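Read through the structure below, which is laid out as structure tokens, and then see the notes.
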Number of protein chains: 2
Amino acid sequence: MSVANRKAKEKEALKALILKGAKRLFIEKGIEQTTIRNIADEIDYSVGTVYVYFKDKNAILHDLHSIGFQELGGYFEELFSIEDPMERLRKMGFTYIKFALENQEMYDLMFNLKAPMEFLESSEEGGWNEGLVTFNSVKTTVQQCIEKGHFKGHNMEPLSFMVWSLVHGMCCLEIRQRTKGLKFTNPDTILLDGYNEYLKIIDRL
Amino acid sequence: MSVANRKAKEKEALKALILKGAKRLFIEKGIEQTTIRNIADEIDYSVGTVYVYFKDKNAILHDLHSIGFQELGGYFEELFSIEDPMERLRKMGFTYIKFALENQEMYDLMFNLKAPMEFLESSEEGGWNEGLVTFNSVKTTVQQCIEKGHFKGHNMEPLSFMVWSLVHGMCCLEIRQRTKGLKFTNPDTILLDGYNEYLKIIDRL
DNA sequence: TACAAAAAATGAACAATGTTCAAAAATAAA
DNA sequence: TTTATTTTTGAACATTGTTCATTTTTTGTA
């Protein structure tokens with residue numbers, strides 16, 4: 001059994017190597033500018049080998065999208081030590097924006113590109129688990145806010161979706177160059193300025 | 001002069017024909033699935049001809065993105081007869097969502113795809129005029145709300161950006177399949193339910 | 001009308017991409 | 001050592017955006 005065992009580990013290692021190389025190139029020169037040949041070159045394997053370990057490009061992009069969610073989880077970790085749900089909700093949005101701006105290509109992959117979702121559709125997996133888990137962080141926190149007497153007259157799930165949309169929308173516009181295309185009074189701080197307006201609002205609810 | 005004149009008009013007509021064919025295919029089978037050869041076939045011209053009238057694919061996508069903004073302008077038209085700025089702001093968001101859902105490929109092109117912005121960067125045009133005009137509709141309305149005593153303690157531009165991000169974020173998540181990937185309690189109405197939470201909030205400001 | 005010049009349209013050809021698969025190389029089992 | 005299995009390879013294919021020398025059409029002139 002030890003040989004088969006080692007082989008299995010080697011397979012996993014190579015898979016991880018491919019993902020690591022792909023991620024490096026994605027961040028370095030953009031996802032669209034990265035080809036399978038580039039990835040193969042980067043890790044000194046042939047094109048064919050990549051296709052032994054991944055069904056197609058979508059599979060690579062999906063696995064990398066999952067890694068992105070792990071990393072987002074790392075950013076979120078410190079949030080769960082915050083007792084006050086309102087304070088946690090405030091910081092959560094800020095952390096989300098921080099992650100998006102510091103990991104633009106990964107964020108794009110996680111929340112914008114079609115590839116990961118196309119992979120899900122063509123696979124037997126139940127649904128978008130990564131998104132579900134992240135959205136649950138928001139929902140749970142909003143629920144606790146409600147239980148503490150905030151957000152009177154609001155519904156938990158739609159309100160959570162609204163909050164998520166708000167931060168996602170800002171990140172999206174920024175990453176897809178729709179803020180650079182415009183000319184804001186304070187172009188460098190428009191995301192945080194916008195988020196601050198939101199903070200002012202929920203502080204009163 | 002009449003010949004040169006007619007020629008110029010014919011050139012414009014063919015350009016428009018190409019754009020019309022492209023748009024039809026985009027809506028029918030998606031932007032990513034549409035090739036220049038497809039477009040040429042659709043209008044019974046050769047590939048080369050398309051390149052006589054457009055520098056590259058980005059140029060087509062940019063022009064089509066501008067057409068999208070004209071269409072969005074059509075949706076917005078009735079808004080300007082609404083006197084009360086708060087009421088106008090409410091309806092504006094709703095109209096925006098309606099446009100996005102009824103014209104998903106076009107919306108994607110206008111607010112998500114990189115092509116139109118890449119075209120702008122490689123051209124001598126000043127900036128993203130289409131986006132500027134649309135965002136001005138929001139800003140003007142928010143400004144009028146402020147002048148009427150609403151949104152006390154808020155700043156016009158960041159607040160407008162926040163509002164835009166909120167609706168854009170919802171549309172974006174929907175169009176890029178991040179709501180289908182999740183499982184909402186009411187999947188079919190999550191956008192409107194989310195928007196309603198927003199309405200409840202601003203009604204109090 | 002006939003014919004040369006200009007303009008417009010063409011499609012074969014190129015480089016780059018994702019993908020496949022028979023063959024080669026490396027490893028394991030006997 | 002020899003055979004069987006696994007892993008790796010890279011040439012080949014279809015499809016893409018793009019170019020450009022050539023052909024076709026239109027215009028201007030005698």
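This structure is a prediction, so every number in the text was calculated from the model and none was measured. Letters A, B, ... mirror the listed sequences (proteins, then strands); counts begin at 1.
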Taken to the nearest 0.5 Å, the spacing of Asp193(B) CG from Leu159(A) CG works out to 11.5 Å

Using five pairs at either end of the helix from dT1(C)-dA30(D) to dA30(C)-dT1(D), determine the angle between the two local helix axes and round it to 10 degrees. 20°

Using the rule given for ring-ring contact (aromatic ring centres under 6.0 Å, His included), can you reason through Trp128(A) versus Phe69(A), listing the C-alpha separation, both sets of side-chain angles and the distance that settles it, and then say yes or no? CA-CA 11 Å; Trp128(A) 188 35; Phe69(A) 272 97; 5.7 Å; yes

Between Phe161(A) and Phe184(B), what is the ring plane arrangement, given parallel below 30°, perpendicular above 60°, and tilted in between? perpendicular

Heavy atoms within less than 4.0 Å of DNA chain C: which residues of residues 114-121 of chain A have one? Give them sorted by number. none

Which value, rounded to the nearest 0.5 Å, describes the distance between Asn112(A) atom CG and Leu113(B) atom CG? 9.5 Å

Starting at atom CG of Asp41(B), determine the distance to atom C1' of dT15(D), rounded to an integer number of angstrom. 14 Å

Any side-chain N or O of Tyr51(B) under 4.0 Å from OP1/OP2 of dT19(D)? no

Interatomic distance, Lys20(B) atom NZ to Leu64(B) atom CG [nearest 0.5 angstrom]: 13.0 Å

Say you draw a straight line from CG of Leu17(A) to CG of Asp44(A); how long is it, rounded to the nearest 0.5 Å? 9.0 Å

Contacting residues from residues 54-67 of chain A, given that a heavy atom lies under 4.0 angstrom of DNA chain C: Asp56(A), Lys57(A)

Would you tabulate the pairs of protein nitrogen or oxygen atoms and nucleotide nitrogen or oxygen atoms of nucleotides 22-24 of chain D closer than 3.5 angstrom?
none

Would you mind reading off the distance between Ile18(B) atom CD1 and dA9(C) atom P, rounded to a whole angstrom? 9 Å

Qualifying residues under salt bridge (charged side-chain N to carboxylate O under 4.0 Å, His left out), relative to Glu130(A), sequence neighbours excluded: none

Only pairs at least two apart or in different chains count here, so list each salt bridge (charged side-chain N to carboxylate O under 4.0 Å, His left out) that has a residue in residues 85-95 of chain B. Glu87(B)-Arg90(B), Glu87(B)-Lys91(B), Arg90(B)-Asp203(B)

Side chain to side chain, Tyr195(A) and Pro158(B), heavy atoms closer than 4.5 Å: no

Ser46(A): which residues meet the side chain to side chain donor-acceptor pair (under 3.5 Å) condition with it, sequence neighbours left out? Thr49(A)

Only one of Lys29(B), Arg24(B), Lys23(B) passes side-chain contact (heavy atoms from CB on, under 4.5 Å) with Ile27(B), and that residue is Lys23(B)

Residue-level proximity of residues 25-33 of chain B to DNA chain C when a heavy atom falls under 4.0 Å: none

Tell me the ring pair (Phe, Tyr, Trp, His ring centres under 6.0 Å) pairs involving residues 10-54 of chain B, sequence neighbours left out? none

Nearest 0.5 Å, what's the CG-CD1 distance between Leu19(B) and Ile60(B)? 7.0 Å

Ring centre gap for Tyr75(A) and Phe94(A) strictly below 6.0 Å: no

Show the distances under 3.5 angstrom between N or O atoms of the protein and N or O atoms of nucleotides 5-12 of chain D.
from   : atom 1 : to       : atom 2 : distance (Å)
dT8(D) : OP2    : Tyr53(A) : OH     : 2.6
dT9(D) : OP2    : Ser46(A) : N      : 2.9
dT9(D) : OP2    : Ser46(A) : OG     : 3.3
dT9(D) : OP2    : Thr49(A) : OG1    : 2.8
dT9(D) : O5'    : Ser46(A) : OG     : 3.4

Sidechain-backbone polar pair: Glu105(B) side chain, Ile31(B) backbone, donor-acceptor under 3.5 Å: yes

Of all pairs that satisfy salt bridge (charged side-chain N to carboxylate O under 4.0 Å, His left out), the ones with a partner from residues 154-179 of chain A, not counting sequence neighbours: Asp108(A)-Arg176(A), Lys139(A)-Glu157(A)

Salt bridge (charged side-chain N to carboxylate O under 4.0 Å, His left out) filter on Lys57(A), not counting sequence neighbours, yields none

For the CE atom of Met86(B) and the CD1 atom of Ile202(B), what is their distance to the nearest 0.5 Å? 4.5 Å

